[in-house]
K.L.:
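Sharing a structure here in structure tokens format.
In the text below, chain A, chain B and the rest are named by the order of the sequence lines, each starting its count at 1.
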Amino acid sequence: MNYWLMKSEPETFGIDALAARPRRTTHWDGVRNFQARNFMRDQMRIGDLAFFYHSNCEEPGIVGIVKVVKEGYPDDSAFDRKDKHYDAESDPNKPRWYMVDVQLQRKLKAPITLATLREHSNGALRGMLLLKRGNRLSITPVSAAHWRFILDLA
DNA sequence: GCCAACGTTGGC
DNA sequence: GCCAACGTTGGC
């Protein structure tokens, strides 16, 4: 059982949009970064939990918890010419991009802001990838210890 | 294989 | 809107 952190821009797809989906479930499509793809394709397992993180917004932070309900499979938005994330290099017979399905477990009563997380960047959350300078990776693994500590903050 | 140019991310 | 950091691309 692994833990993750998945970023999404609330203006594009926020936690309330996820909550409004049938079965509160969505395809995590549109990821166009090889490292993040590898996590989805090779490492994320059904039952894994992830923090849902709002990025590039007024108050960046963790806003909820989601569960992986379908393991890596081809991201078909890459095959759709009309899609924003279309990629001519991705061949349906040899897909370049993958996605997983996640289901909302719960929305936090109050977000755990990036500022709050940073307060612990030299303590309990030392080494957390999200807090590393310049980190832009949209999916990062979270250690069990970090996961528990953050849950206690919630 | 190097590396400059470019596009994107994301905090502020 | 700015800009630093980073991944990717492509010329050589």
K.L.:
Specify the residue among F34(A) and N56(A) whose closest nucleotide of DNA chain C lies further upstream toward the 5′ end.
P.N.:
N56(A)

K.L.:
Any side-chain N or O of K7(A) under 4.0 Å from OP1/OP2 of dT9(B)?
P.N.:
no

K.L.:
Rounded to whole Å, how long is the line connecting atom CG of D87(A) with atom P of dT8(B)?
P.N.:
13 Å

K.L.:
Give a yes or no on whether the backbone of T113(A) and the side-chain of H54(A) come within a donor-acceptor separation of less than 3.5 Å.
P.N.:
no

K.L.:
Given atom CD of Q35(A) and atom C1' of dT8(B), what is their separation to the nearest angstrom?
P.N.:
15 Å

K.L.:
Specify the closest pair of heavy atoms between M128(A) and I150(A), including all atoms of both residues, with the distance to one decimal.
P.N.:
CE-CD1, 3.6 Å

K.L.:
Is it the case that the side chain of D29(A) and the backbone of D76(A) share a donor-acceptor pair, with hydrogens and angles ignored and the cut-off at 3.5 Å?
P.N.:
no

K.L.:
Rounded to whole angstroms, how far apart are CG on L129(A) and P on dG7(C)?
P.N.:
12 Å

K.L.:
Tell me whether the centres of the aromatic rings in W4(A) and F52(A) are closer together than 6.0 Å.
P.N.:
no

K.L.:
Nearest whole angstrom, please: distance from the C1' of dT9(B) to the CE of M6(A).
P.N.:
17 Å

K.L.:
Given atom CG of L114(A) and atom C1' of dG10(B), what is their separation to the nearest angstrom?
P.N.:
10 Å

K.L.:
Between dT9(B) and Y53(A), is there an OP1 or OP2 to side-chain N/O distance shorter than 4.0 Å?
P.N.:
no

K.L.:
Is any N or O donor-acceptor pair between the side chain of R136(A) and the base of dT8(B) shorter than 3.5 Å?
P.N.:
yes

K.L.:
Starting at CG of L130(A) and ending at P of dG10(B), how long is that distance when rounded to a whole Å?
P.N.:
9 Å

K.L.:
How many Å lie between CD on E58(A) and P on dG1(C), as a whole number?
P.N.:
16 Å

K.L.:
Report the distance from atom CZ of R118(A) to atom P of dG10(B), rounded to the nearest whole Å.
P.N.:
12 Å

K.L.:
Mind checking R133(A) for me? I need base, sugar-phosphate or nothing, with any heavy atom below 4.0 Å counting as a touch.
P.N.:
sugar-phosphate

